[in-house]
Novice: 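I have a structure I would like to understand better, so I am pasting it below and will then ask my questions one at a time.
Just so you know, ligand 1 is whichever comes first in the structure, and atom 1 is the first atom listed for that ligand. This one's a predicted model, so the numbers in the text were calculated from it and none came from an experiment. We're numbering straight along the sequence, starting at 1. Worth knowing before you read on, the calculation uses all heavy atoms, side chains too, and leaves out hydrogens, waters and symmetry mates.
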Amino acid sequence: MSENRAEISQLGEFGLIDRISGNVALTQASTLKGIGDDAAVIDIGHEALLVSTDMLVEGIHFDLAYMPLQHLGYKSVAVNVSDIAAMNGKAEQITVSIALSSRFSLQAVDALYEGIRAACANYNIDLVGGDTTSSTSGLIISITVLGRAQKNRITYRSGAKANDIICVTGDLGAAFIGLQILEREKEVFLTDPNMQPDLENFEYLVGRQLRPEARTNIVYDLAELGVQPTSMIDVSDGLASELLHLAKNSKVGVRLFEDKVPVDQLTYNTAVEFNIDPITCALNGGEDYELLFTISQEDHEKLKNHPDIHLIGYMHDKIDQNIMITKQGNVVPITAQGWNHFRS
Ligand code: ADP
Ligand code: MG
């Protein structure tokens with residue numbers, strides 16, 4: 001044991017996952033995709049089973065000072081369903097595991113499950129199992145989602161080709177600004193408990209943080225329009241980080257146009273109020289749970305009139321040249337500063 005202790009923070013979250021996956025061998029013929037995408041892909045005949053897990057930890061992913069337990073339950077399901085959507089699949093079942101400290105009452109658990117049930121009803125999925133244990137440090141929720149897709153419809157992070165068009169759904173950065181507002185109101189409350197939170201004009205932003213939706217409708221729309229995306233990922237860590245995942249896995253480079261990145265007007269104005277560059281919220285904010293995907297040029301016609309899909313750039317063949325053309329016409333490198341739990 002003479003080896004010097006190495007800190008996880010030196011690797012970061014993605015470096016750590018790479019290190020783990022580098023030492024994992026796949027032996028089952030039915031394992032079509034292991035670590036490294038939004039979900040694992042398992043061969044079950046003419047269709048494939050999709051499996052993904054996401055864990056939410058109190059104090060890291062949520063703060064119960066402003067996160068109602070119903071919303072937390074809903075969100076913890078939605079973020080998992082989002083990973084199945086990112087494979088172009090349909091979620092069907094979840095298992096829910098919780099660790100609770102004695103701080104939590106029966107009513108608290110009821111509220112959490114109320115949200116979980118609401119999400120199950122909305123996404124049309126069944127809660128089929130889980131695990132319950134105690135915790136010394138607050139609440140932990142780990143959800144595993146099972147989904148399904150036709151094998152030829154499954155969309156990996158690795159399929160983008162040079163000249164493919166980069167698309168993103170909805171708008172970006174709102175969840176991050178919503179979090180800034182919640183943090184601000186929490187500070188106000190801690191200083192003067194008589195102050196009521198002032199969230200009235202910020203419902204959209206706060207809602208995007210507290211109760212995000214998985215974009216299951218986009219999977220449906222793509223099928224309806226006859227579009228097979230060439231690569232796809234969901235935006236959990238921020239646009240920059242996810243673009244780099246697609247580029248790295250597909251061995252292409254990204255050319256992104258700042259003026260095409262969809263940022264809602266309220267997000268924009270509030271970011272400016274907070275002295276944050278709005279594009280930074282979109283690039284590095286995270287938790288938007290929109291879908292980021294690429295399509296081949298020939299599918300452009302089919303998607304160009306979709307009201308909720310934005311064409312924001314394209315892929316090119318120069319690997320490691322991931323750039324954004326700013327509104328002023330400058331060329332800046334895209335770097336990922338999204339949620340990296342092991343780096344501050
Ligand atoms: P996402 O943001 O889509 O949830 P992550 O970045 O969390 O994806 O994970 C990337 C990949 O690494 C996924 O395939 C996930 O299953 C895998 N992964 C993450 N943590 C671990 C771990 N501790 N052991 C094995 N695989 C992991
Ligand atoms: Mg994902």
Novice: Looking only at protein heavy atoms, which one is nearest to atom 24 (N) of ligand 1, and what is the separation?
Specialist: I20 CG2, 3.9 Å
Novice: Answer yes or no: is there an ion pair linking R5 with E7, defined by an N-O contact shorter than 4.0 Å?
Specialist: yes
Novice: When you measure from atom 14 (O) of ligand 1 to each heavy atom in G286, G34, G36, A86, which option holds the nearest one?
Specialist: G36
Novice: Tell me, yes or no, whether the heavy-atom count around Y220 atom OH, taken from other residues, nucleotides or ligands under 6.0 Å, exceeds 12.
Specialist: no
Novice: By atom name, which N, O or S atom belonging to D83 lies closest to the Mg ion (ligand 2)?
Specialist: OD1
Novice: Is any N or O atom of T53, backbone or side chain, closer than 3.5 Å to an N or O atom of ligand 1?
Specialist: no
Novice: Restricting to N, O or S atoms, which atom of D38 is closest to the Mg ion (ligand 2)?
Specialist: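 Among the N, O or S atoms of D38, the one closest to the Mg ion (ligand 2) is OD1.
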Novice: Looking only at atom types and distance, does a side-chain atom of N322 sit under 3.5 Å from a main-chain N or O of I334, one as donor and one as acceptor?
Specialist: no
Novice: Can you find an N/O atom of R157 closer than 3.5 Å to an N/O atom of ligand 1?
Specialist: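 It does: an N or O of R157 is found under 3.5 Å from an N or O of ligand 1.
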Novice: Could you pull out, from D234, D54, L16, I17, the option with a heavy atom nearest to atom 12 (O) of ligand 1?
Specialist: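 Result: the heavy atom closest to atom 12 (O) of ligand 1 is in I17.
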Novice: Only heavy atoms of S236, strictly under 4.0 Å: list the atoms of ligand 1 that pass.
Specialist: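 Result: 2 (O).
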Novice: Is the Mg ion (ligand 2) under 2.8 Å from any N, O or S atom of D234?
Specialist: yes
Novice: Is D83 touching ligand 1 with its side chain, its backbone, both, or neither, if touching means heavy atoms under 4.0 Å apart?
Specialist: side chain
Novice: In Å, rounded to the nearest 0.5 Å, how long is the span from CD of E242 to CG of D237?
Specialist: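 The CD atom of E242 sits 5.0 Å away from the CG atom of D237.
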Novice: Taking D43 as the fixed residue, which of Q28, K33, K151 is the one that meets the side-chain hydrogen bond (donor to acceptor under 3.5 Å, both in side chains) rule?
Specialist: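 Exactly one candidate clears the test, K151.
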Novice: Among all the protein's non-hydrogen atoms, which is closest to atom 13 (C) of ligand 1, and how far away is it?
Specialist: D37 O, 3.2 Å
Novice: Decide whether I166 and M324 are clustered together by the hydrophobic rule: side chain heavy atoms of Ile, Leu, Val, Met, Phe, Trp, Tyr closer than 4.5 Å, transitively.
Specialist: yes
Novice: Keeping the roles fixed (side chain from N80, backbone from S76), state whether a donor-acceptor pair exists under 3.5 Å.
Specialist: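 Such a contact is found between N80 side chain and S76 backbone.
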Novice: Taking the six-membered ring for Trp and the single ring otherwise, decide whether the centroids of F62 and H71 are under 6.0 Å apart.
Specialist: no
Novice: What protein heavy atom sits nearest atom 6 (O) of ligand 1, and how far away is it?
Specialist: F14 CE2, 3.8 Å
Novice: If you measure every N or O of I35 against every N or O of ligand 1, does any of those distances drop under 3.5 Å?
Specialist: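 Min N/O separation from ligand 1 is not below 3.5 Å for I35.
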Novice: Taking I17's backbone N and O only, do any of them form a donor-acceptor pair with S21's side chain (distance below 3.5 Å, no angle check)?
Specialist: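 Flag set: sc S21 to bb I17 pair under 3.5 Å.
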Novice: Is H245 near ligand 1, meaning one of its heavy atoms is under 4.0 Å from it?
Specialist: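 Checking ligand 1 against H245, which is what was asked, there is no heavy-atom contact under 4.0 Å.
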Novice: What residue and heavy atom of the protein are closest to atom 7 (O) of ligand 1, and at what distance?
Specialist: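 Here the closest protein heavy atom is E13 OE2, 4.2 Å.
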Novice: Are E213 and Y74 linked by a side-chain donor-acceptor pair shorter than 3.5 Å?
Specialist: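 There is such a pair between these side chains.
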Novice: Can you confirm whether something in the protein, heavy atoms only, sits under 4.0 Å from atom 16 (O) of ligand 1?
Specialist: no
